Each structure stands twice: as C-alpha cells, then as structure tokens.
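Heads up: the structure comes next, in structure tokens.
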There are 2 protein chains.
Amino acid sequence: MTTEVSPGAAPGAEDDGTRWLDAAEQRAWRAWLYSTQLLQERLERDLTRATGIPHAYYEILVQLSETPDRQMRMSELADRCLSSRSRLSHAVSRLEERGWVRREVCAEDGRGLLAVLTDEGFAALEAAAPVHVESVRTHLFDQLSPEQVAALEDIGRTLLRHLDPD
Amino acid sequence: MTTEVSPGAAPGAEDDGTRWLDAAEQRAWRAWLYSTQLLQERLERDLTRATGIPHAYYEILVQLSETPDRQMRMSELADRCLSSRSRLSHAVSRLEERGWVRREVCAEDGRGLLAVLTDEGFAALEAAAPVHVESVRTHLFDQLSPEQVAALEDIGRTLLRHLDPD
DNA sequence: GCGGAATAGATGAGCCCTCAACTACGCTCA
DNA sequence: TGAGCGTAGTTGAGGGCTCATCTATTCCGC
C-alpha cells in the first residue's frame, strides 16, 4: 500500500474505480507535500523564535497595516487572511491581550466590529517584517531560479482559481 | 506596510539592509502562500470528514504499510513522516487507542520501540486511500497541466535539497 | 568494567485550531 | 410591527502540535 497508488497497482492493477496516481503524479505529490510542510514549519519557526509572532497573527497585522486607517471589519479581515470567523475571533482576542489590536464598535452596523491596529501593533510588525522577509528569501527565493519563481506563481494562481474563486 | 516589501518601498525606498521582495517575488510568494494554505486545509477537511483520519496520522499508516512486516522503529518512522519525535509519540498513542497501531519492544535495542500496523489499521488505511486520492486528484492534478505537474516536482525537489538534505 | 555523553522515547503544559452551539442585530414581507 | 430568516461575531470543548524536561538504555574511552 502506498499513499496514492493502488494497493495492487504493481502486480495485479485491479480496477476499483479509483483514479490512482501515476508515477509522475506520485513524485510531484510527494515533492509538493514534503517541501510545503518543511518550508512552512521552517518559516513558522524562524518567525516565532525571533519575534514571538505566529505567522497567522503576522498575517492579520499585515492586512490591517495595508488598510488606510489601519482598521477593518472582522469578517473582511477573516476573508483576507483566509481565516474562519472563529479562528480570527480567537486570534484577535490574543492580539488584544498583547495590546497590538483593539476592537471598536462599528457605526454602520450594530452587529459588526472593527479590528484596529494599535501603534504598538504596527511597531511589532515593523520589527518582525525584516526577519520574516529574510527567512522567506533564504528558504524560498534564494533556492529558485527566476523561471521557477514564475512557474510557482503560475501554479499557485491556477490552484487559487479552483480553491478560492472569490 | 506590506508583507515582504519594505514599508517605504513605494515612496522613498530606504535601504535598511533588508533584502525585500520585488514585485514578481511578492506575487509568487502570495500565490504559494495562499494556494498551499487552501489546498492543505481542503485535503485535510476532505480526509477527516470522510474517514476521521487526520492527514498526519494517515501518513504514519502509509509509512508503516509500505514496510515489509508493517513495522518500524519509532525514530525511523518519525524521520519518514517528517515528524518530531514528540509529535510521533503523541500520534502513535492516539493510534494505539484506536487499535490501529501497537508498540512492541525492540529486541536489538533496549531503548527502542517498534510501531506495528495492526490489521484494523491496515483496513482503515485501505478504506481511506481512495477517498484521499480522489481529493488530491480533484484539487491538485485535475487543475494542472502535465507541464505544471513537472514544474511542481522540480520546484519541490529543489526546495527539499535545501530544507531536508538527508 | 565503569563513568559520562549520546540516543530513544515519553510526558505535560500551553497554544492554536476546528466544530458546533449560541447571542445579538438587521432585513424583509405580510 | 413583528415573525422569521440571514448575517456578524463569540464561546467553549476537544484535539493536535511544540517545547522543555525527564527517564531509560547504549556507546565509548579509559
């Protein structure tokens, strides 16, 4: 039994209707699975060790910082961070405890809340950004040729059209 | 402030020594980050909903099933699963509770333990495999051209040489 | 053989995430 | 105007992971 190849693929190749992976797909799958897992763990570890900020929280700070008044509705923030509402709610609570974000009531919609990036939060992001970029560069872009970078973008965009059609 | 581009990149482009990302790198980074995140979440959700098996546990069952006697030293299993010793130890405990794996003392090394895949564990893997392959095919390979699949393998291998030089 | 370093693995605290409720507010239509 | 439905966001339980720590065993040099 292998991951994605039929249990009997080598000898008998029974047909159970499953579209098992061929050898090239199997190799690509393993390469993607292992490289993304290791890269994510590496980036996460570099960032948290140096700054104490998990990448998911870093992403929240980034999204808020990119907005004109450094504030955003919770649900829009969740969408931009590819986060569930629940996850964002928990995360913003933690960021509030650190004093990096605060919640404000939303004037237009009594149900809504605004997440606001504080000056402390912005400072934390400014301190973390160079560390994180260096890590991304070291473990990703320094390893790839310009052609590979272009292919990576192409593949990523292709997958996003399917996974997140907006 | 953007993720990987200097805070002042647009107007002043101050030089603080950080090797910020250029526009193409920024696009590739976002495409990789979002697509891997969504794809992993999607595969994880498909697998756990249909079978109750998290992907990390599935990987353990796969590795054990690929070995001749369906057993392996804990530390080798951890290496093959790209897992920490601690993570594997916790995971095998959960798998033992389900009756899918059992631990056996290792004859050659009194410190060591063998993780053994049970018949129930093998059956669980056999049931889960078609579901998982279908998910991988639907969300990954059905979306990509053969050239993209080849590029994906190439990029993954390149990154693995750096991240996991064995 | 014996003392110290290295290796194998387990364990528990703490953190993050998911999932399934749950509250609160707005919108629509009779 | 108020019943019902949809939307915004929160909450708590439960599970998986990390990190530091701990025990047990083996290896190695003297």
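Remember, predicted model here, so these are calculated numbers, not experimental data. Order of the sequence lines sets the chain letters (A, B, ...), proteins ahead of strands, with each chain counted from 1.
- Note that the first and last nucleotides of DNA chain C, 5' to 3', having any atom under 4.0 angstrom from a heavy atom of chain A are C:dC16 to C:dG26.
- Residues of residues 93-101 of chain B having a heavy atom closer than 4.0 Å to DNA chain D, listed by number: B:Arg94.
- A donor atom on one side chain and an acceptor atom on the other are not found under 3.5 Å apart for A:Asp142 and B:His162.
- Within the structure, ring-ring contact (aromatic ring centres under 6.0 Å, His included) pairs that include any residue of residues 61-103 of chain A do not occur (at least two apart or interchain).
- Proximity of residues 37-47 of chain A to DNA chain D (heavy atom under 4.0 angstrom from any strand atom) is restricted to A:Arg45.
- The stretch residues 77-90 of chain A comes close to DNA chain C through A:Ser84, A:Ser86, A:Arg87, A:His90, each having a heavy atom under 4.0 Å from the strand.
- Take A:Arg45 and apply the side-chain contact (heavy atoms from CB on, under 4.5 Å) test, not counting sequence neighbours, and it matches A:Arg42, A:Arg49.
- Partners of A:Gln71 by side-chain hydrogen bond (donor to acceptor under 3.5 Å, both in side chains), not counting sequence neighbours: none found.
- Judged as a side-chain hydrogen bond (donor to acceptor under 3.5 Å, both in side chains), and not counting sequence neighbours, B:Asp79 has no contacts.
- When the side-chain contact (heavy atoms from CB on, under 4.5 Å) test is applied to B:Ala150, no partner is found at least two apart in sequence or on another chain.
- With sequence neighbours excluded, no residue forms a salt bridge (Lys or Arg N to Asp or Glu O under 4.0 Å) with A:Asp164.
- Judged as a side-chain contact (heavy atoms from CB on, under 4.5 Å), and not counting sequence neighbours, the contacts of B:Ser93 are B:Arg103.
- Checked against side-chain hydrogen bond (donor to acceptor under 3.5 Å, both in side chains), B:Thr118 has the following partners two or more places apart in sequence or in another chain: B:Glu120.
- Comparing D:dC19, D:dG9, D:dA24 by their closest approach to the side chain of A:Ser75 singles out D:dG9.
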